[in-house]
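Atom set for the values below is all heavy atoms of this structure, side chains included, hydrogens, waters and symmetry mates excluded. All residue numbers in this chain count up from 1 along the given sequence.
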Amino acid sequence: VPYGLAMYYLALPLAQENGHVSVALAHPENTTALTTLRSVLQAEIVPVRSQSDKIRTALQRLHGLNGRPAQRIVMWSAAPEDGPAVRQMAAIFARMHDTPPPVLDAGQVEIEAALAVAQESHATLVVLSLPPDRTLNEVVSHSSGSLVLVRGEHRPIKSILVAARGYASDDQVLDWLEPLVQKQRAQVTLFPLLGLPTLDLDDIFCGDGPAKRHMDHLLQRLAGEHLAASLRVRAGDPAAQVVAELREGDYDLLVIAAEAHGQFVTRVLAAMQEQGVHRDRPIFILKPADMPIPAVKPQ
């Protein structure tokens with residue numbers, strides 16, 4: 001399994017036998033991860049629950065890596081008037097690192113060429129505005145890296161809504177966000193996406209279940225970095241939860257993990273567009289690195 005994809009899902013293959021591969025997973029309940037691994041390994045997956053820190057350490061050792069990899073950014077704007085906001089957002093993410101990564105400007109080319117530049121240069125982040133003749137589903141599915149969708153004029157990032165998926169991708173979200181929050185002095189609101197028709201806080205946050213342990217881990221990680229964080233919870237359809245929270249809150253940035261090719265993310269953003277919320281503010285979409293992507297069809 002490629003390193004980026006393995007780290008995204010915290011998945012470590014252990015053994016193969018009779019068309020089955022046993023895989024140590026921090027979140028074996030993540031059905032999207034199992035489907036993706038089945039496709040990559042061309043085998044049925046036998047998940048084995050393991051501790052996330054042990055998997056992360058083993059993956060770094062096996063791949064000869066230590067610490068966070070360098071980031072590489074591609075930026076692209078759909079129109080000249082979008083350029084300043086896109087460049088400012090790309091500069092913010094570039095400055096999050098001690099040594100700013102090179103920023104490639106795709107310039108006056110079609111978005112397909114920009115996405116090709118991102119893939120060929122192994123870009124980890126694409127900062128762009130959405131062209132009017134492209135759907136977000138096309139851009140998300142054909143991007144080889146994570147995305148920042150810039151909309152409207154640039155504004156300071158002081159309040160961030162993190163839609164937590166409940167899986168290992170939430171840790172990678174925090175990997176990206178921690179330096180951003182520190183430099184921008186922003187407030188983080190963790191928003192677990194719970195697909196529940198009614199809300200039972202005892203079941204969710206009491207005892208020692210996986211959801212409780214995961215949320216405790218995220219909160220403790222933020223507290224350990226001395227970052228301001230709060231927790232918000234809603235019930236009902238997850239996409240509707242995000243729309244309702246954005247409608248009532250004043251968030252400068254929405255952050256959400258795509259898990260695979262972003263089918264859930266596009267459903268959330270379609271609901272946001274229909275309801276007219278967060279329309280002039282940016283969205284960070286975390287995608288699995290090294291995820292096989294479909295070919296970009298010529299337009």
Side-chain angles (χ1 to χ4, degrees), residues 1-72 74 112 115-126 136-147 164-176 193 210 214 256-267 284-297:
V1 178
Y3 177 74
L5 196 63
M7 286 294 287
Y8 187 94
Y9 290 125
L10 285 182
L12 176 64
L14 301 174
Q16 179 177 350
E17 183 178 5
N18 297 328
H20 292 70
V21 175
S22 57
V23 180
L25 283 159
H27 296 273
E29 69 277 8
N30 186 347
T31 56
T32 301
L34 297 178
T35 300
T36 303
L37 292 169
R38 186 183 305 119
S39 175
V40 170
L41 295 172
Q42 294 294 297
E44 291 300 314
I45 305 301
V46 181
V48 181
R49 186 182 296 276
S50 185
Q51 296 178 15
S52 59
D53 56 342
K54 292 184 177 181
I55 295 176
R56 187 178 292 106
T57 299
L59 288 172
Q60 290 173 341
R61 185 178 68 249
L62 288 170
H63 289 266
L65 298 172
N66 186 21
R68 296 177 183 176
Q71 308 299 343
R72 194 170 181 85
V74 166
E112 290 85 2
L115 294 177
V117 168
Q119 183 176 6
E120 291 167 5
S121 62
H122 303 286
T124 49
L125 184 68
V126 181
L136 185 59
N137 181 55
E138 289 178 296
V139 175
V140 172
S141 63
H142 290 140
S143 173
S144 60
S146 298
L147 295 164
R165 301 298 301 269
Y167 303 127
S169 56
D170 294 337
D171 266 307
Q172 289 215 340
V173 164
L174 294 188
D175 286 343
W176 274 102
L193 294 179
H214 182 65
I256 188 168
E259 283 302 311
H261 291 294
Q263 292 89 340
F264 173 72
V265 167
T266 54
R267 183 162 70 89
F284 181 102
I285 302 169
L286 180 76
K287 284 198 66 179
D290 300 323
M291 181 79 176
I293 63 173
V296 179
K297 297 179 180 180

Could you go through W176 and L286, starting from their C-alpha distance and side-chain angles, then the distance that decides it, and tell me whether this counts as side chain to side chain contact (heavy atoms under 4.5 Å, CB included)? CA-CA 9 Å; W176 274 102; L286 180 76; 3.6 Å; yes
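- No donor-acceptor pair closer than 3.5 Å links the side chain of S146 to the backbone N or O of L125.
- Closest heavy-atom contact between V74 and A118: CG2-CA, 3.8 Å.
- Within the structure, the salt bridge (charged side-chain N to carboxylate O under 4.0 Å, His left out) test picks out the following pairs touching residues 5-31 (sequence neighbours left out): E29-R49.
- Contact check for P47 versus L34: side-chain heavy atoms found under the 4.5 Å cut-off.
- Residue Y8 comes nearest to A168 through the heavy atom pair O-CB, 3.5 Å, listed as atom of the first residue, atom of the second, then distance.
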Could you walk me through whether T36 and L5 satisfy the side chain to side chain contact (heavy atoms under 4.5 Å, CB included) test, starting with their C-alpha distance in whole Å, then the side-chain angles of each, then the deciding distance to 0.1 Å, before giving a yes or no? CA-CA 9 Å; T36 303; L5 196 63; 4.1 Å; yes
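- At distances below 3.5 Å, at least one donor-acceptor pair connects side-chain atoms of K287 with backbone N or O atoms of S143.
- Under a 3.5 Å cut-off, the side chain of S22 and the backbone N or O of A15 do form a donor-acceptor pair.
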Steps toward side chain to side chain contact (heavy atoms under 4.5 Å, CB included) verdict (Y3, Q60): CA-CA 8 Å; Y3 177 74; Q60 290 173 341; 3.5 Å; yes
Could you walk me through whether L14 and V21 pass side chain to side chain contact (heavy atoms under 4.5 Å, CB included), step by step? CA-CA 7 Å; L14 301 174; V21 175; over 6 Å; no
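- In this view, R165 satisfies the salt bridge (Lys or Arg N to Asp or Glu O under 4.0 Å) rule with no residue, not counting sequence neighbours.
- To the nearest 0.5 Å, atoms CG (L25) and CG (N30) are separated by 8.0 Å.
- For P2 against V40, the heavy-atom pair with the smallest separation is CD-CG1, 4.3 Å.
- Using a 4.5 Å cut-off on side-chain heavy atoms (C-beta onward), F264 and L193 make contact.
- When side chains are defined from C-beta on, H27 does not count as touching Y9, because their heavy atoms never get closer than 4.5 Å.
- Contact annotation: the side chain of L12 approaches that of L59 to within less than 4.5 Å [non-hydrogen atoms, C-beta and beyond].
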